[in-house]
Amino acid sequence: MRRKDWLGVLGFIAKLILGLLFISPLLVGLVFSFVPSRLLNNLPDLETVLGNLTLENYKWIMGYIPIFRFLGNSFVVCAVIIVVQVILSSFAAYAFSFFRFRGSKILFQIILIAMMIPAEVTVIANYLTIQSMNLVNTYAGLCAISLLSGTSIFMMRQSYMQIPRELKEASLVDGCSDMRFLFRIAMPLTVPAIASLAIFLFISAYNMYFWPMLVAQNTDKQTIQIGMAMLVGTENVEYGHVLAGAMLSIVIPVAAFIIGQDYLIKGMTSGAVKG
Amino acid sequence: MLAAVMVAALLLSGCGQTTTSGGPTEINMWSVWTGTGGESIQKMADEFNASQDEYKVVVTYSGSYDETLAKFQSSAKGSRPDMVMVSTESAALFFDNPDYYIPIDKYVEADSYDMSGIYTNLRASYTDSDGKWQCMPLGNTVVGFFYNNEVLEKAGVSAADLNSYEEIEEACQKLADAGVRYPFILVSNSIYYTFPMTAEGIDYVDNDNGKSGSPTRCLLDEEPAASATTKYFQFIKNLAAKDQLAPYDLAAADTRQMFVNGESAIMMATISGMSAIGELSNWELDFGFHVAPTISKGVENLGQCTGGGVLFLGNNGDENREKGSWEFMKFMMEPENTSAFAMATGYLPINQQGADTAEYKAFVEEKFPTAKDAMEAQMATGADVYNAILPMFNDFHQIVMDYMAKVINEPSYTAEQATADMAKDINECIELYNMSK
């Protein structure tokens with residue numbers, strides 16, 4: 001074998017080891033989710049693990065919480081937030097990128113400042129607003145505070161800034177309206193940015209805990225993160241149950257990540273270099 | 001497309017409202033319980049719903065005690081649950097905000113319901129100064145310590161002799177000499193300071209320890225509270241200096257594991273940890289529970305105040321739902337239900353009738369005989385033994401924990417200084433709370 005081939009094989013082995021190292025907590029969690037909780041209070045040896053594999057933890061979860069209802073609710077919330085936020089932030093970002101109007105810089109700076117306010121500061125005020133609008137315990141209430149954010153406007157603006165102005169001018173000459181330019185030209189050209197934004201939004205919406213806890217006041221509207229909290233016993237932690245729940249709850253995010261990982265990486269680096 | 005989303009959102013917004021027309025009245029209960037305790041409460045709700053067709057209790061998990069409290073405090077009248085679980089300590093916040101709840105005494109009186117079976121220490125904590133019941137005791141737990149019989153015996157220590165922190169300190173030296181890695185475990189929690197203070201009959205805030213009115217100042221800068229507090233700080237400081245105290249910042253689950261593994265011999269806890277320890281060791285560990293010691297050696301232990309959580313009737317202005325909630329509360333106080341909840345959670349039953357059921361007696365006899373001592377101690381407790389009623393409990397709790405950590409971590413920081421500084425901070429926190437009202 002030539003030296004170059006050897007280096008390739010060594011590189012592959014190194015990457016494989018590194019990859020396994022990174023994913024090992026997930027793999028260990030997956031295996032332990034098939035082991036009874038009573039054996040997980042101390043680190044079990046391999047023989048104990050292999051000799052006691054069972055589906056009991058998964059069966060228990062199905063009987064204890066409506067996990068598929070929770071997953072479904074999380075999915076609905078994520079879908080609404082992603083679709084609405086991508087559209088609304090595209091509108092705002094388009095205005096900041098292509099329109100010249102008085103106060104646009106200050107307005108954009110205000111949006112940037114809004115990004116820096118921690119959610120914890122506004123959560124109770126938001127809850128009181130949702131309550132006064134009679135949206136407690138509704139999907140609309142669950143989604144309402146996440147339908148627009150400074151981060152998504154900022155991300156979309158950065159990607160629209162990279163579209164040559166000449167393209168916009170040529171479209172105008174050809175009689176293309178702003179809405180048509182946005183939907184037919186600008187958005188298709190920024191699909192990687194939209195996809196990465198969608199994935200970011202998915203991660204944050206899927207991981208929301210305190211807001212759904214406030215707004216969803218019966219089991220029908222609760223999301224998977226609340227379901228996960230329900231698996232942690234008040235007095236005693238059944239690790240098998242928690243791990244099985246975690247494995248079920250990560251199926252959707254892992255699938256989303258696998259589908260969108262290329263876009264996520266592109267999106268993370270898109271604002272790194274000034275275009 | 002946007003229009004479609006908006007229409008969808010509007011449609012979705014109508015999906016969450018509860019309708020009760022034609023069917024039983026729906027009673028919403030916010031529960032903090034998960035695991036076996038959560039299953040036990042759900043079972044009671046299912047049985048209650050099946051037993052009649054006028055009301056339907058819906059149990060909803062509402063997060064931890066703190067999350068539930070934040071959620072409840074943010075909810076306007078009409079959006080509140082019909083019943084809400086609150087920690088014993090946070091009950092004081094409700095007492096100080098009468099608009100939050102309907103005292104159950106209204107229904108106790110109307111029904112002439114017999115609450116005499118409820119333990120005296122629970123009565124002391126959950127009735128007002130006129131003896132009127134404010135809320136229903138749900139869990140019942142006392143503070144004390146678990147001990148590993150085998151390890152104590154090897155070191156020549158008898159748990160029955162450990163009636164004060166001073167005696168525990170002497171025992172820890174024997175245990176350390178016998179090779180026990182961490183003789184004593186103290187989880188970061190203010191109750192291991194306040195319960196022994198109460199056991200000695202020492203008030204630490206004014207207004208009868210908060211019973212006759214919201215406190216206006218703490219009493220830690222005067223006797224006897226100042227000396228007792230200093231002694232307590234000195235006790236944990238001494239153990240830490242001799243490396244006989246387990247790492248202070250461990251989670252409760254980790255300390256239980258350490259205890260079960262025999263790395264430690266004495267662990268401060270509430271008796272509700274009994275099931276967790278038992279399950280961890282497959283009920284094979286020879287362990288027992290001793291009720292809260294006093295701080296000083298040789299003083300009389302006046303009794304055990306309670307913890308464990310309560311159930312309030314939310315004030316929503318709907319009498320029918322209040323009545324339904326009260327009916328469910330009565331169901332929960334049936335002896336077979338209080339004993340079932342106790343067996344599921346490790347708490348003690350809230351009433352003597354629950355403790356007297358054959359199932360509970362068999363459970364105690366088989367798994368944890370020393371629970372009987374805790375129940376006897378409760379029965380012997382007078383109505384004047386209760387933890388301070390502090391509406392600003394969360395801040396108080398944090399201050400105590402901060403000073404506990406400080407005396408452990410800073411060798412040059414004296415117990416006397418900690419007592420004086422803590423008194424100042426608690427007074428500030430009381431003042432701030434009273435200003436905010």
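Naming convention: chains lettered A, B, ... in sequence-line order (proteins, then strands); numbering from 1 in each chain.
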Greatest number of non-hydrogen atom pairs under 4.5 angstrom with chain A, of B:Gly38, B:Ser79, B:Gly37, falls to B:Ser79

Please look at A:Leu214 and chain B and tell me whether the side chain, the backbone, both or neither of the residue comes under 4.5 angstrom of a heavy atom of that chain.
-> both

Taking atom OH of A:Tyr209 as the centre, does the number of heavy atoms from other residues, nucleotides or ligands within less than 6.0 Å exceed 12?
-> yes

Answer yes or no: are there more than 12 heavy-atom neighbours, outside B:Glu150 itself, under 6.0 Å from its atom CD?
-> no

Atom group of A:Gln131 that falls short of 4.5 Å from chain B, counting heavy atoms | side chain

Would you check if the side chain of A:Gln222 reaches a backbone N or O of B:Tyr61 as a donor-acceptor pair within less than 3.5 Å?
-> yes

Should the heavy atoms of other residues, nucleotides or ligands under 6.0 Å from CZ of B:Phe363 be counted, would the total exceed 12?
-> yes

Heavy-atom neighbours of A:Met62 CE exceed 12 at 6.0 Å = yes

Below 4.5 Å from any heavy atom of chain B, which atoms of A:Ile124 appear? Answer side chain, backbone, both or neither.
-> side chain

Is there a donor-acceptor pair under 3.5 Å between the side chain of B:Thr34 and the backbone N or O of A:Val232?
-> yes

Contacts of type salt bridge (charged side-chain N to carboxylate O under 4.0 Å, His left out), residue B:Glu67, not counting sequence neighbours | none

Check: A:Tyr64 side chain, B:Gly35 main-chain N or O, donor-acceptor pair, under 3.5 Å = yes

Side chain, backbone, both or neither of B:Val260 within contact of chain A (heavy atoms, under 4.5 Å) = neither

Interchain contact, B:Ser74 with chain A, by part (heavy-atom threshold 4.5 Å) = both

Go through the steps for A:Gln217 and B:Lys71 under the test side-chain contact (heavy atoms from CB on, under 4.5 Å), then give the verdict.
-> CA-CA 10 Å; A:Gln217 297 189 351; B:Lys71 191 164 150 171; 4.1 Å; yes

Determine which residues belonging to residues 65-74 of chain A lie within contact range of chain B, meaning some heavy atom pair is under 4.5 Å apart, and list them by number or answer 'none'.
-> none

Qualifying residues under ring-ring contact (aromatic ring centres under 6.0 Å, His included), relative to B:Phe259, sequence neighbours excluded = none

Between B:Gly346, B:Ser62, B:Ser75, the one whose heavy-atom pairs under 4.5 Å with chain A are most numerous | B:Ser75

Where on A:Ala144 is there a heavy atom nearer than 4.5 Å to chain B: the side chain, the backbone, both, or neither?
-> neither

Under 4.5 Å from any heavy atom of chain B - which part of A:Phe183 | neither

For the student: nearest non-hydrogen atoms of B:Thr60 and A:Thr219, plus distance = CG2-N, 4.2 Å

So the salt bridge (charged side-chain N to carboxylate O under 4.0 Å, His left out) pairs with at least one residue in residues 71-86 of chain A (sequence neighbours excluded) are none

